[in-house]
Novice: 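Here's a structure for you.
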Amino acid sequence: MIYIFLGAPGTGKGTVSYLLNKKNNYKHISTGNIFRDLVKKNTKLGKKVREILKKGELINNELTFKVLLEEIEKYNLKKENIILDGYPRNIEQAEILFEYFNRYHKDLKISAINFELRNKIIIERLTNRLICPFCGKIYHKTFPELKPKKEWYCDDDKTKLITREDDKIKSIKKRLVIYDEKTKPLIEYFSEKGILIELDVNDTPNNIYEKVLKICQN
Ligand code: AMP
């Protein structure tokens, strides 16, 4: 089963994916995490990717599908619950994905869950977000359930937490514009395919997790 998590940055897709992975063994594929890992390698490609991420722009569709494919092929798509977090992000990426599924994984069950939240709340969430640069776990300065046990340090591996380079206000605004222009049309696209589930995510992380789990188990 494939669950596509659709929604602007800061709507909680990564946090819910993390919880579904930890508690329910759902496989979490995040193209954003894959690119951040690539940046850490500091290769020529990693440096190029870093500049694009920093500006809040999208990586080209060809490279994005290549890195996604490398990850997705590690799993048994029919037997496992797979979350695609942050892919597809435009219509062309969706078409590439569905063409691939139609060709190599026919009859796969696919749902798209749209995480819906107002921009004002998104900006508040992103400017208070922290991330572990080692494991990618997401924290939040004000959400009690997402605060690290020891301030500024990852609960799991004790690495010092950082603010993502693209969680600065200039990049956030750019990412929201790109989301409206490129990603939002996917709501209509998935609705026409009859696989869209709308979800209001103006709630606490644990409640959103519970709601998503219920949807996935139905
Ligand atoms: P995320 O962690 O999902 O917010 O992604 C962080 C950044 O990675 C995005 O702002 C893009 O620069 C890049 N990225 C992640 N997923 C994609 C995608 N599907 N297509 C293009 N760029 C992506």
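The analysis underlying the following values was restricted to heavy atoms, covering all of them including side chains, and did not include hydrogens, waters or symmetry mates. Every value quoted in this text rests on a predicted model; they were computed, and no experiment measured them. Counting starts at 1 for both ligands and their atoms, following the listed order.
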Novice: State whether the side chain of Lys40 and the backbone N or O of Pro133 hold a donor-acceptor pair below 3.5 Å, judged by distance alone.
Specialist: yes

Novice: Out of all atoms in ligand 1, which are within 4.0 Å of some heavy atom of Thr64? Include the element for each.
Specialist: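 Listed by number with element, the hits are 18 (C), 19 (N), 20 (N), 21 (C).
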
Novice: Using modelled atom types and a 3.5 Å cut-off, is there a donor and acceptor pairing between side-chain atoms of Glu145 and backbone atoms of Asn206?
Specialist: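 Indeed, once roles are kept as given, a pair shorter than 3.5 Å links the two residues.
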
Novice: Tell me, do Cys216 and Tyr26 make a side-chain contact under 4.5 Å, heavy atoms counted?
Specialist: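 Yes - at least one pair of side-chain heavy atoms lies under 4.5 Å apart.
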
Novice: Below a 4.0 angstrom heavy-atom separation, can you tell me which part of Leu58, side chain or backbone, both or neither, approaches ligand 1?
Specialist: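 The answer is both.
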
Novice: Quick test of your reading: applying ring pair (Phe, Tyr, Trp, His ring centres under 6.0 Å), list the pairs with at least one residue in residues 50-97, sequence neighbours left out, ordered by first then second residue.
Specialist: Phe65-Tyr100

Novice: With heavy-atom distances below 4.0 Å as the criterion, list the atoms of ligand 1 near Phe35.
Specialist: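 Selected atoms, number and element: 8 (O), 13 (C), 14 (N), 15 (C), 23 (C).
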
Novice: Can you check whether Lys23 reaches Leu213 side chain to side chain, under 4.5 Å on heavy atoms?
Specialist: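 In short, these two side chains do not touch, never coming nearer than 4.5 Å.
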
Novice: Starting from atom 7 (C) of ligand 1, which protein heavy atom do you reach first, and at what distance in Å?
Specialist: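 The answer is Leu53 CG, 3.8 Å.
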
Novice: Could you tell me if any non-hydrogen atom of Ile52 lies under 4.0 Å from any atom of ligand 1?
Specialist: no

Novice: Should you measure from each heavy atom of Arg175, which atoms of ligand 1 turn up under 4.0 Å away?
Specialist: 4 (O)

Novice: Flag Arg164 as yes when one of its N or O atoms lies below 3.5 Å from any N or O atom of ligand 1, and as no otherwise.
Specialist: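 Yes: some nitrogen or oxygen of Arg164 is under 3.5 Å from one in ligand 1.
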
Novice: Taking distance alone, with N or O pairs closer than 3.5 Å, would you say Ser30 contacts ligand 1?
Specialist: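 By distance alone, the answer is no.
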
Novice: Examine distances only and state if a side-chain atom of Asn21 and a backbone atom of Ser17 form a donor-acceptor pair shorter than 3.5 Å.
Specialist: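 Checked: no pair found.
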
Novice: Would you indicate which of Gln93, Glu92, Lys13, Arg36 comes nearest to atom 6 (C) of ligand 1 when only heavy atoms are counted?
Specialist: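 That would be Arg36.
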
Novice: Which protein heavy atom lies closest to atom 1 (P) of ligand 1, and at what distance to 0.1 Å?
Specialist: Arg89 NH2, 3.5 Å

Novice: Regarding ligand 1, does Glu57 bring an N or O atom to under 3.5 Å of one of the ligand's N or O atoms?
Specialist: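 Between Glu57 and ligand 1, an N or O pair is found under 3.5 Å apart.
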
Novice: Under the side-chain contact (heavy atoms from CB on, under 4.5 Å) rule, what do Leu45 and Leu63 come out as? Steps first, then yes or no, please.
Specialist: CA-CA 10 Å; Leu45 179 64; Leu63 176 62; 4.1 Å; yes

Novice: Examine Ile59 against ligand 1 and note whether any of their N/O atoms are separated by less than 3.5 Å.
Specialist: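 Between Ile59 and ligand 1, an N or O pair is found under 3.5 Å apart.
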
Novice: Between Thr31 and ligand 1, does any nitrogen or oxygen pair lie at a separation below 3.5 Å?
Specialist: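 There is such a contact, yes.
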
Novice: Parallel, tilted or perpendicular: which one describes the rings of His140 and Phe143, with boundaries at 30° and 60°?
Specialist: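 Plane angle between 30° and 60°, so tilted.
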
